[in-house]
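Worksheet for the structure shown next.
Per chain, numbering begins at 1; letters A, B, ... match sequence-line order.
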Protein chains: 2
Amino acid sequence: MKLSKAEEEVMNHLWHLKKATAKELIEAYEDPKPAITTIATLLKRMQDKKFVDYLQKGRSREYFPLVKKQEYFSKHVNGLIKNFFNDSASQFASFFTQETNLSKKELQELKAIIDSEIKKK
Amino acid sequence: MKLSKAEEEVMNHLWHLKKATAKELIEAYEDPKPAITTIATLLKRMQDKKFVDYLQKGRSREYFPLVKKQEYFSKHVNGLIKNFFNDSASQFASFFTQETNLSKKELQELKAIIDSEIKKK
DNA sequence: TTTAATATTCTACAAATGTAGAATTAATTT
DNA sequence: AAATTAATTCTACATTTGTAGAATATTAAA
């Protein structure tokens, strides 16, 4: 199961805030902010899909993520890789490295990360 | 503008084949293959969106991509990065490196690519 | 407690998507 | 030429998505 675009945006705010009410989520949006009922609808759908749950706090609900960004995202990336790069992560990686505009500094950082990953193997 | 999931799949086959008729595209699918009318619908929608065009070849049409995979994909990735990593490609990169299961060999290749990218800067 | 404010749910609806049968057109074979 | 086959277009329809007003319930303020 996957979140829709609009749901992903909610989720993203929620990951960031860790937990939040509908109202707080709206605040996280840029203008033009969506109607609160829109957020409510999305949250309900997300709950159906088991991506969030909530705790009743006073009169309102405090939603929280049921999946970690990492988890969600790694699945997402894997789908992407499968879809576009015939399941070759390294093909994707090299593409990525060449196409995104990483600065020299960022590339060096990335290299360091890769080095430490290599050491782990 | 973006392609839908199903359209992306057609596009992917098309990038691979370079050019193809609806029929040839279907062959590229795994079972259960979609109906040819489904492919036709998708191709027409993709044409409306200016992602493909065709040349009439005898009785049928030979479709070809109007956008390069690279182009399409780099936009796509950038959207993804923006969406999930607050526009930080390096954040995405390090995530990616740690989350996907690249082998030692692949990591070393990646490192080499990064090195050559660093040199270019 | 009447009223006002707030939160949540219902209902709605247009647009996009996935999917494909029916109809039509064009070419090929009898 | 008539019948068959193949390609393309039309039409259709169920789902999913984005969006939010109307209705309802709950709580706080007057």
[N] [atom2] sits how many Å from [X] [atom1], rounded?
X	N	atom1	atom2	result
A/L3	D/dT17	CG	C1'	12 Å
A/E7	C/dA16	CD	C1'	15 Å
A/L42	D/dT16	CG	C1'	12 Å
B/E62	D/dA7	CD	C1'	15 Å
A/I39	C/dT6	CD1	P	18 Å
A/Y29	D/dA20	OH	P	11 Å
B/K5	C/dT19	NZ	P	12 Å
B/I36	D/dT8	CD1	P	8 Å

At 4.0 Å (heavy atoms only), tell me whether [X] reaches a base, stays on the sugar-phosphate, or touches nothing.
X	answer
B/K49	sugar-phosphate
B/A40	base
A/T41	base
B/S60	sugar-phosphate

Output yes when at least one side-chain N/O atom of [X] is less than 4.0 Å from OP1 or OP2 of [N], else no.
X	N	result
B/T37	C/dG21	no
B/R61	D/dA7	no
B/S4	C/dA16	no
A/K44	C/dT9	yes

Go nucleotide by nucleotide along DNA chain D from the 5' end; which of A/K2 and A/G58 gets its closest nucleotide reached first? A/K2

Let's test your reading of the model: under 3.5 Å, does the base of D/dT19 pair with the side chain of A/R45 as donor and acceptor? yes

Pairing of A/K2 and A/E8 as salt bridge, 4.0 angstrom limit: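 Judged by the 4.0 Å cut-off on N to carboxylate O distance, A/K2 and A/E8 do form a salt bridge.
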
Are any non-hydrogen side-chain atoms of B/N12 and B/K69 less than 4.5 angstrom apart? yes

Ignoring hydrogens and angles, tell me if any N or O in the side chain of [X] forms a donor-acceptor pair with the backbone of [Y] under 3.5 Å.
X	Y	value
B/W15	B/Q70	no
B/E27	B/E24	no
A/K18	A/F64	no

Please determine, for the side chain of A/T38, which listed nucleotide (C/dA27, C/dG18, D/dT19) has the closest atom? D/dT19

Side chain of A/P34 - closest among D/dA20, C/dA20, C/dT28: D/dA20

